[in-house]
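Because only heavy atoms are used, hydrogens play no part in the values below, and waters and symmetry mates are left out as well, while side chains stay in. Keep in mind that what you see is a predicted model, and the values were worked out from it rather than measured.
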Amino acid sequence: MKHALLLLCIGGQLAVRAQICTYSENPMSDAGWWWNVDGMLQSNGQGIQLMDRDPVTHGTFLGRWDSQGQVQWNKNFQHMNPQHWMRGQTITPSPTGSIVSGSFFPDHASYTTMYGAALDVNDEVQWARIYMLDSLEEDAGRILPTTDGGYLFQIQTPKGLSLSKLNNAGVPVWTKRYLPSLASNGYWMARAIAEPNGDITLYGGTTSPNSSFFLCRLNAEGVVQWKRSYTGNLLGLGPAMRAMNGDYLFLGGTLTRMNSQGDLLWQKVYTDLNESLPGSFTELGNGHILMISYQVGVMTEVAADGTLINAWARPDVALSDHQFLSGTAPHGDSLTIGATRQFDGWTTLMTASSTTSLGCYLEPYSFMSEGAALNPAEIVNDTMYVVRDSLKTWTMNIGYSQNSTDLDLACYVKSGLARPGFQHSAFGVITDEQLATSGPITASMTFSPLLSYVGAVPPPTSVVGQTVTWDLPAMGANTQRLVRVDLQTPPDPLLLGTSVDYTFSFTQDSTETSLANNTSTFSRIIGGAFDPNLKEVLPKDFYDIDTDSILDYTIQFQNTGTDTAFTVVVVDSLPMDVDVRTFQMGACSHTYSYTLTGNGILTVTFNNIQLPDSNTNELRSHGLINFRIKPILPLTIGQQITNAADIYFDFNPPVHTADATVIVVGSSGIAASPRVEKLVVYPVPVKDQLTATVPKEFAVQRAFIVGIDGRTMPTRFMHSQSDRISVNTQHLAAGAYVLTVVADDGCRLAARFTKD
């Protein structure tokens, strides 16, 4: 593979030293290709690079360097729903950390939205939002911090540049669209600079009616103060910066300097600077400008007045696609230059005390020369047209980040219902939710001596007593390996109430961050008659606030019909008490896919499951789903967490499971405070009418429905029974909602549901 180099220049606070070249590697996972997108420098000298992976379904990646160029970590963060994906485009420093923005692609959508996420100094998400604007161009959004603690969102569209002022939580305050000409027939682009006094500067170029470059000043409310334009657009839309003395510097096919009022000071052209691919630049502490042409890959140093001083290149490698990925770098002559292979994310960093030390990595380049000064004509009576715009937004649910180079496989074991005289199955699953590849795997399942072995899938390597062993191939990134053991329970009714145990474990050669999750155990009580479709939760009945941390849910289902079921769909409206970001799938009986919306609607689909009916094959007519999730803290003693699910067999009406409920207790048992009652809704998803079960003595006075976009819809309801109300949902569009009911004493209860 041919690797193009991408240069990261982060002027660090290094001691002055000559001819120092130190290199450090940034090892990325071998799972796919890596694309470097953007980068920045924080005030402490640490650098961050923004990366995407191919395939891009795994979200956005950040790589952090310390001030000496050593890799600290490579992290991945992504949307909660694995069917949605994010692509990072820009990262910008902020007073509290950094701002990441990019494109967001919803599942099965024919449109592109945008996202923004504020990260703290540890690169954990503070807030994240999805944004939607009509006429969006892909890769067109960038978020900048402003001095008042808010942000400025610039969005390029075919209809002009839209600017949206965001508050400190990313919510739009105002949105306006700017056009250099109402009758513009050519293509134009613009970008924004957030000024220290709260003003906003726009700069850009247009090809209609004449080729030109403009500079425009707005106040903090987006009102135009002045606009200056120049014909003869040799600038292009390259990077811009504010120099230490307040001047503007623009890099395109030319290098241009303007003062803070838009007066042209000078504009110069250099050979080997490409007009359409301008590259990048940074300002040194002595006022010199260090720049790289994007296409040719020549590094050039010029004085503050544009006079050419030096040029360098690397003859043994193709220095195309070089650029400085720098943010608000501290001014100084010390340099840290990173050479990154663009396609796989492996990066090396070189430190140099000043530009005079660049010879240890680069060689003098003699073809660069300074051309004649240019004098474009200024356009008088220039106008910027402004129209109001609207930016839609809602909360984005990003899961907890993980280090992309970590390898941490985990396993889970669950079993079907064990009944005297019947067969049942135990399922073991190994998951690789990271981006690294494991070594070959040896897995084993051990079951209680009360049970006898019938068979296993895949065929085991050995069966010795109560232990079944498999030799399995290595696992790739974001994959899952499922094994099944069929077992027989003796036909002895005296076994009712007896506990049987299952243990599933594995080993593999590669180093893991933790071995604590390489073994899983489960206990099952032998039972008699049962509801074949049910939901269970562990811990059972009571959640100890001092010792418990996870809610472990299992949904059992059985085809008790008269023919094979080809599709089984399980929809679970998770309780409002759980944190959807902590969701983890566990052992499942069959191959599946799932989606999880940010407001807690879990949908697990078994396509082509070919589940036989219980009369044809009782053992194979069963299936199960297992997942884990953490409750939202803090919990209250006496709090009740209730969950149920709806199971769809092909086109039949849903089967609603009984509630799986735990009550939060302390070390001394349940407190005297009253339990927190719940609102239960079904069926989910709903078509025309939703039924809601309310606690006894809860007198419903009004109800309303809130959509995923935050809109509140007044809702009519009817009392079907003393503890139930019926809500008409025919008028709702398909999607996720929350139903809220209010009692006469002001008490409120809420539950999630979806509409088909």
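- For the pair Ser98 (side chain) and Pro93 (backbone), a donor-acceptor distance under 3.5 Å is absent.
- Residue Met114 holds its CE atom at 5.5 Å from CG of Leu391, rounded to the nearest 0.5 Å.
- The closest side-chain donor-acceptor pair between Thr201 and Tyr248 falls under 3.5 angstrom.
- A donor-acceptor pair under 3.5 Å links the side-chain atoms of Gln156 to the main chain of Ala190, judged by distance alone.
- For the residue pair Arg129 / Thr393, a side-chain donor-acceptor distance below 3.5 Å is found, with atom types taken as modelled.
- Side chain of Gln584 to main chain of Ile629: no donor-acceptor pair is present (N/O by atom type, distance under 3.5 Å, no hydrogens or angles).
- Side-chain contact of Thr90 with Ser101: a donor-acceptor pair under 3.5 Å is present, judged by distance alone.
- For the residue pair Asn245 and Asp247, a side-chain donor N or O sits within less than 3.5 Å of a side-chain acceptor on the partner.
- For the atom pair Leu119 CG and Glu124 CD, the distance stands at 8.5 Å (nearest 0.5 Å).
- Classification of Asp148 and Lys165 as a salt-bridged pair holds, one side-chain N sitting under 4.0 Å from a carboxylate O.
- Paired with Leu732 under the rule side chain to side chain contact (heavy atoms under 4.5 Å, CB included), one option of Val686, Ile705, Thr715 passes, and it is Ile705.
- Contact annotation: the side chain of Thr754 never approaches that of Tyr737 to less than 4.5 Å [non-hydrogen atoms, C-beta and beyond].
- Remark: Asn168 CG to Ser94 OG distance equals 11.5 Å, nearest 0.5 Å.
- Under the rule for a ring-ring contact (aromatic ring centres under 6.0 Å, His included), the partners of Tyr151 that lie at least two apart in sequence or sit in another chain are Trp127.
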How far apart are the C-alpha atoms of Tyr131 and Phe153, what are their side-chain angles, what is the distance that settles it, and do they pass the ring-ring contact (aromatic ring centres under 6.0 Å, His included) test? CA-CA 10 Å; Tyr131 301 93; Phe153 199 176; 5.0 Å; yes
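- Judged by distance alone, the side chain of Gln154 and the main-chain N or O of Ala192 form a donor-acceptor pair under 3.5 Å.
- A distance below 6.0 Å separates the ring centres of Phe250 and Tyr203.
- Geometric assessment of Lys392 against the ring of Trp394 yields a negative cation-pi assignment under the 6.0 Å and 45° thresholds.
- A donor-acceptor pair under 3.5 Å is absent between the side-chain atoms of Arg142 and the main chain of Gln89, judged by distance alone.
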Show the numbers, then the answer: is there a ring-ring contact (aromatic ring centres under 6.0 Å, His included) between Phe583 and Tyr594? CA-CA 12 Å; Phe583 176 87; Tyr594 81 92; 5.4 Å; yes
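- For Arg228 (side chain) and Gln261 (main-chain N/O), a donor-acceptor pair under 3.5 Å exists by modelled atom type.
- In the model, Asp389 has a side-chain atom that pairs as donor or acceptor with a side-chain atom of Ser162 under 3.5 Å.
- For the residue pair Asp577/Gln639, the side-chain donor-acceptor check at 3.5 Å is satisfied.
- Taking the six-membered ring where the residue is Trp, the centroids of Tyr178 and Tyr385 are separated by 6.0 Å or more.
- For Thr603, the side chain to side chain contact (heavy atoms under 4.5 Å, CB included) partners are Val569, Val571, Thr595, Ile601, Thr605, not counting sequence neighbours.
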